[in-house]
Amino acid sequence: MIEKYLDSIQIIKRIRILNMTSRKHRVESIVGEILLQKCFEKIGMGYSSVKFSYNSYGKPISDYCNVYFNISHSDNYVVCAMARSEVGIDIEKIDSNFEYSSVKNIFCSNIQKSYQDIKDFYNDWVIKESFLKYIGCGLNVALKNVNINHTSKIVEDNQDFPEVKAHFKLFNISRNYSAAVCLTEKVEKVTLKYVEI
């Protein structure tokens, strides 16, 4: 059913979607592209006239100056962020049975860090991953090198990208999900639109 929208997706992205082995991931990607089309329409730009390419880590980029975007999906939600400067977004479904201690050594530089609540762990996870997507490298950089300052709402990587800092904002989409966006500028107000699939 959702595959009928494939024709509206540019060929470079359509090929990537068709090469996905999981139907679930294909559907999530198609919905993400539909959201992206809507974002371009909202700012008065035609999606079909945008030329897309990918950086060396696979992050899609548009040829429009000062228009940046990022897409994320998890289980039943797909989110898309668009901004006038670099942007990264992440959403994760919270697995209440997940033992974060099993990934603590790759996730935290401070092994002593503990979380009061599993949601706190997932909040930090989406902040870190949205930052890595903001940089454009995805999970190709060690998560434990990414530092979060919850007071100033700034995230940075002092080891791999010491010159890069971003401002973040957490979103409360549902008690079963964590979502965050990272932007160059301080995040005062963000309008969040998402699709539940």
Side-chain angles (χ1 to χ4, degrees), residues 2-3 5-40 43 45 47-93 103 106-107 122 124-146 148 155-157 159-168 171 177-184 194-195 197:
I2 191 90
E3 282 85 356
Y5 292 100
L6 269 172
D7 288 341
S8 71
I9 297 171
Q10 292 188 16
I11 190 70
I12 190 171
K13 291 183 162 209
R14 192 179 326 151
I15 290 169
R16 282 182 157 224
I17 291 169
L18 289 171
N19 286 330
M20 293 176 178
T21 55
S22 163
R23 182 177 190 283
K24 181 180 182 331
H25 289 133
R26 282 194 306 272
V27 168
E28 291 168 339
S29 295
I30 291 168
V31 172
E33 288 303 311
I34 293 167
L35 277 174
L36 184 60
Q37 289 173 13
K38 297 294 180 194
C39 287
F40 274 108
I43 62 170
M45 295 181 177
Y47 171 86
S48 60
S49 63
V50 178
K51 289 186 176 44
F52 294 98
S53 59
Y54 295 88
N55 74 8
S56 60
Y57 295 104
K59 180 179 180 178
I61 42 182
S62 78
D63 66 341
Y64 274 120
C65 292
N66 300 321
V67 176
Y68 301 85
F69 67 92
N70 198 234
I71 299 169
S72 182
H73 45 78
S74 180
D75 199 46
N76 290 333
Y77 284 92
V78 178
V79 291
C80 178
M82 184 174 269
R84 296 280 179 201
S85 61
E86 281 295 349
V87 62
I89 192 165
D90 189 46
I91 185 169
E92 295 293 334
K93 182 175 183 182
V103 295
I106 62 166
F107 185 73
Y122 275 94
D124 278 3
W125 181 277
V126 296
I127 292 168
K128 288 184 177 208
E129 191 167 340
S130 67
F131 176 71
L132 295 179
K133 291 174 77 180
Y134 164 87
I135 293 170
C137 66
L139 291 174
N140 295 296
V141 170
L143 284 171
K144 67 181 176 183
N145 294 336
V146 177
I148 302 168
V155 60
E156 60 190 334
D157 179 337
Q159 191 164 332
D160 298 307
F161 296 92
E163 71 286 354
V164 180
K165 291 183 181 180
H167 298 267
F168 70 86
F171 295 102
Y177 287 83
S178 286
V181 65
C182 276
L183 293 160
T184 305
Y194 55 88
V195 173
I197 54 175

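All values below come from the heavy atoms of this structure, side chains included, with hydrogens, waters and symmetry mates left out. For this chain, numbers begin at 1 and follow the sequence in order.
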- Item | N76 side, atom CG; E28 side, atom CD - distance, nearest 0.5 Å | 8.5 Å
- Task: Of all the heavy-atom pairs spanning L18 and R26, show the shortest one and how long it is.
- Result: CA-CD, 4.4 Å
- Using the ring of each side chain (for Trp, its six-membered ring), is F40 parallel, tilted or perpendicular to F69, with breaks at 30° and 60°? perpendicular
- How long is the span from the CD1 atom in I71 to the SG atom in C39, to the nearest 0.5 Å? 8.0 Å
- Item | Closest contact, heavy atoms only, I9 versus R14 | O-NH2, 2.8 Å
Side-chain polar contacts of residues 80-92 - donor-acceptor pairs under 3.5 angstrom, sequence neighbours left out - could you list them?
unit_1 : atom_1 : unit_2 : atom_2 : d
S85    : OG     : T184   : OG1    : 3.4
E86    : OE1    : K59    : NZ     : 3.1
D90    : OD1    : S72    : OG     : 3.1

- With sequence neighbours excluded, residues passing side-chain hydrogen bond (donor to acceptor under 3.5 Å, both in side chains) with K93: D75
- Query: Stepwise, does the side-chain contact (heavy atoms from CB on, under 4.5 Å) test hold for F107 with W125?
  - Reply: CA-CA 8 Å; F107 185 73; W125 181 277; 3.3 Å; yes
- Report the C-alpha distance between S130 and V181 in whole Å, list the side-chain angles of each, state the deciding distance to 0.1 Å, and finish with yes or no for side-chain contact (heavy atoms from CB on, under 4.5 Å). CA-CA 6 Å; S130 67; V181 65; 5.8 Å; no
- Task: Go through V126 and Y177 one step at a time and tell me if the side-chain contact (heavy atoms from CB on, under 4.5 Å) criterion holds.
- Result: CA-CA 10 Å; V126 296; Y177 287 83; over 6 Å; no
- How many angstroms lie between atom CG of L36 and atom CG of N70, to the nearest 0.5 angstrom? 10.0 Å
- Item | Audit row: F168, I148, side-chain contact (heavy atoms from CB on, under 4.5 Å) steps and yes/no | CA-CA 9 Å; F168 70 86; I148 302 168; 3.8 Å; yes
- Note on the structure: Rounded to the nearest 0.5 Å, the CD1 atom of I30 sits from the CD1 atom of I17 at a distance of 5.5 Å
- Task: Calculate, to the nearest 0.5 Å, the distance between atoms NE2 and SG belonging to H167 and C182 respectively.
- Result: 10.0 Å
- Scanning both residues in full, the closest heavy-atom pair of L183 with Y134 reads C-CE1, 3.7 Å
- Within the side chain of Q37, is there an N or O that forms a donor-acceptor pair under 3.5 Å with the backbone of S8? yes
- Query: Going by the angle between their ring planes, with limits at 30° and 60°, are F52 and Y47 parallel, tilted or perpendicular?
  - Reply: tilted
- Item | 4.5 Å side-chain heavy-atom contact, V155 and V146 | yes
- Message: Tell me whether K13 at atom NZ has more than 12 heavy atoms from other residues, nucleotides or ligands lying less than 6.0 Å away.
- Response: yes
- Could you grab the distance from atom CD1 of I11 to atom CZ of R16, nearest 0.5 Å is fine? 13.0 Å
